[in-house]
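Here the structure is laid out as C-alpha cells; the discussion comes afterwards.
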Amino acid sequence: MKRFSYIIKDEIGIHARPAGLLAKEAKNYNSVCILTIAGKSADLRKLMALMQLGVKKDDEVTVTVEGDDEDAAVLALENFMKENL
Amino acid sequence: MERYQGKSIYNSIAFGRLHYFAKAENVVKRRRIEDAEAEIVRYEAAKGKAIEELQVLYEKAVKEVGEVNAQIFEVHQMMLEDEDYNNAIYHLVRTQMVNAEYAVASTGDSFAQLFSDMEDEYMKARSIDIKDISERVAGILSGHTAKENIGEEPVILLAQDLAPSETVQLDKSRLLAFVTRQGSSNSHTAILARTMQLPALIGIEVRPEWHGRMAVVDGFRGELILDPGEELLAEYRCRMAEQKEKRELLKQLKGKENVTGSGRKINLYANIGSLQDLASVLENDAGGIGLFRSEFLYLEADDYPTEEEQFRVYMQAARTMADKQVIIRTLDIGADKQAPYFELEPEDNPALGYRAIRICLTRQEVFKTQLRALFRASAYGNVAVMYPMITSLEEVRRIKDISKAVKEELRREGIPIGDRIEEGIMIETPAAALISDLLAQEVDFFSIGTNDLTQYTLAIDRMNPLLDEFYQPHHEAVLRQIKMVAENAHKAGIWCGICGELAADRTLTKTFLEYGIDELSVSAGDMLAIRKIIRELD
C-alpha cells in the first residue's frame, strides 16, 4: 500500500471538474484509490462521492493506493493533484 | 408598467417579448415491471444515448462559449457513469421491480438532495447538474424530446430555472435575455449567460401569465420592467442603440493592437472600482487593469476588512485577468471618501489633509494588512502595487521599507508570493511631478493621477461650481508636468502611465503619444473609442 498527503490549494476545493478528471485518472489503474479527509473517505473513481466530501481549500487529504500497479498510480495521482488542485 | 427587482448576472439591456419556458411536463410514472434485467438494458441504452447527446452539446458549447465553460458537459458525462449513481438505479429496478424512468428520476432526486444539503454554496449549486442529467435520461426513456421551440421572433426567456444543458441548447440568435427565479451567480447557466453576453437576471418571481407581454431587462439595475411606457422605452431604445454601436466597434477593434500608423504602441488598461467591473473589462479587451481602486473594500465594510477578505478579492482579479497586469492602488481614503470606523477627525482642508498614504504610514497595521493580502494575491497572477498621494522621497523610502518587511515576513511563513511584483507610485501632486527625476530612481513605474494633479496645480476645488469658469482641464501647467514626468521616467528606464480622467480625453490622445506616455488607463466603456483614435493616428 502507498499513501501520500496533500493540502488543497484550489480556491473552491475539489469542485466538479477536477473531481471528474481525478476519477478519470484513477480509472486508468487497477489499484483501489481512496481519498480520506477528517475520518470520511471516498473511492477516487466515484465522482459524486468525492464531491460530497466537500473538500475545501487548505484541507489536508490523504490518498491511499493499493493494488498491483500502486507505484505508478500513486505517482500519477500525486502529480495530478499538484497540477490541478 | 410593473417593475421587478432581481440580481443581475450580466450588465446589458434588452427589450422584447417575454417567453415563458415551461419545463416539459415530464412526469415520470411509477410502473411495475416483470423483467428487471431487460429494464436495465433499456436504461443502459438510454444512458448511452444521453452521453452521446452530451458530447454533441459539449462540442456546441466549445464553439459558443469556449472550452473552459463547456467542460461542465464533460463532467455531466462522467456523472452519468458514476458507480454509486448507477448502482442506486440498478438496485431500485431489481429490488422494487420499477421501470427505469422512475428509478432514474428517483435516484436523481435523492442525489440532488445530498448536494443541496451541503453547506458549501458551490456544491449546493451542483444539485441542478444532477437533476439535469437525470431528466435527460428519463426523457430519452419515455421517448420524449426536450427541445423547446421559442418561435421565430427573438424573445426574453422566463423560466423558474434553467439547467446548463437547456441554456446551451437554446437557439442563441432568438434569445435577447434570461430571467429566472432560481439560480445563483455561481451556476453554470450564469457563467454561460455572461460568456454569451446576454443580459440575465435571477431572483425574480416569474409567472407563466407574463408570457407574450413586452418587457425591458435592465441588467445594469437588475430590473425587469413589464409593459414599459413609451417615454421609458424611448430612453431604453437610445441606450440600446449606444450598446449596439459599441458592440459593433468592439467587433472591429477587438484583438487589434493599440498602434499608430507609424508603429508607436501604447498600452490601454482599464480603471475598476470593484470585481463587478471585471466582466466589462474583459469584454472591452483591456490590456490589463491600470487602476484598481481598493477603497470599496473599506467603504462598503463596517469594520477594517481582514487580510483574508482582501486577499480573496485581489486574487480573483488577478486570476480573472490571467497573465495581464493588475495594478492595485493601496487605500486612498480620507477627503471625500470616509469610512466611520477609521474615526478620522473633521478637518478644515480635507483635500490637503490626512488621507491616502498619510494614513497608511501612520496607521501601519492597516497598511501591512493590505500589503500582505496584495502580495499573497501576486502568486496568482500579474499583480502590481501602486501607492497614492506621494509628495516626497522620504515617503517612498518608508513605503519600501515596510513593503520589504512584509514580503520577508510572508517568505518566513512559507506563503508564496509573485517573483516580480512591480511597485509604483501615483504622480498626483506638483511636488511629486517636480521631483519625478529623483522618485524614478526608487520605483518601477509612475501613473499620473490627473484629477488631483490638476486640482493641486490650479488650486481649484472641482466640486465647487462657482469655480467652473476658472477651471481649465488642458492648462499648460498640467500638460508640462505630464511631459516632464514621462521624460524623467524614461531617463530612469521605467514606464509612465496616466490613470486620471484626462487619459480618456480624446483630444489629448495624440499629445500623450507624443510625450511618450506608455499606458493610458480609462474606464472600460472608453477603451475602444480610444483604441480607434490611436489606430487612426499617423
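Throughout, a chain's letter reflects where its sequence line sits, starting with A, and its residues are numbered from 1.
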* To do: Tell me, out of A:K24, A:R45, A:R17, who's got the most heavy-atom pairs with chain B below 4.5 Å.
  =>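 Among the listed options, the one with the most contacts to chain B is A:R17.
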
I need the [X] [atom1] to [Y] [atom2] distance, nearest 0.5 Å.
| X | Y | atom1 | atom2 | value |
| --- | --- | --- | --- | --- |
| A:L21 | B:E74 | CG | CD | 7.0 Å |
| A:I12 | B:E121 | CD1 | CD | 13.0 Å |
| A:E11 | B:Q316 | CD | CD | 9.0 Å |

Distance-minimising heavy-atom pair for [X] and [Y]:
| X | Y | result |
| --- | --- | --- |
| B:V75 | A:L47 | O-CD2, 4.1 Å |
| A:A16 | B:R126 | CB-CD, 4.0 Å |
| A:M51 | B:M118 | O-CE, 3.5 Å |

Residue [X] excluded, over 12 heavy atoms near [atom1] under 6.0 Å:
| X | atom1 | answer |
| --- | --- | --- |
| A:D68 | CG | yes |
| B:E413 | CD | yes |
| A:K46 | NZ | yes |

* Pick whichever of B:R312, B:R319, B:Q77, B:Q71 has the most heavy-atom pairs under 4.5 Å with chain A. =>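 Going by pairs under 4.5 Å, I would pick B:Q71.
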
* Any B:L114 side-chain heavy atom under 4.5 Å of A:M48 side chain ->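 Heavy-atom side-chain distance check fails, nothing below 4.5 Å.
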
* Which region of B:M79, side chain (C-beta onward) or backbone (N, CA, C, O), has a non-hydrogen atom less than 4.5 Å from a non-hydrogen atom of chain A, or is it both or neither? ->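 Both the backbone and the side chain of B:M79 come within 4.5 Å of chain A.
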
* Asked: Considering only heavy atoms, which portion of A:L50 lies under 4.5 Å from any heavy atom of chain B: side chain, backbone, both, or neither?
  ->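 Neither part.
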
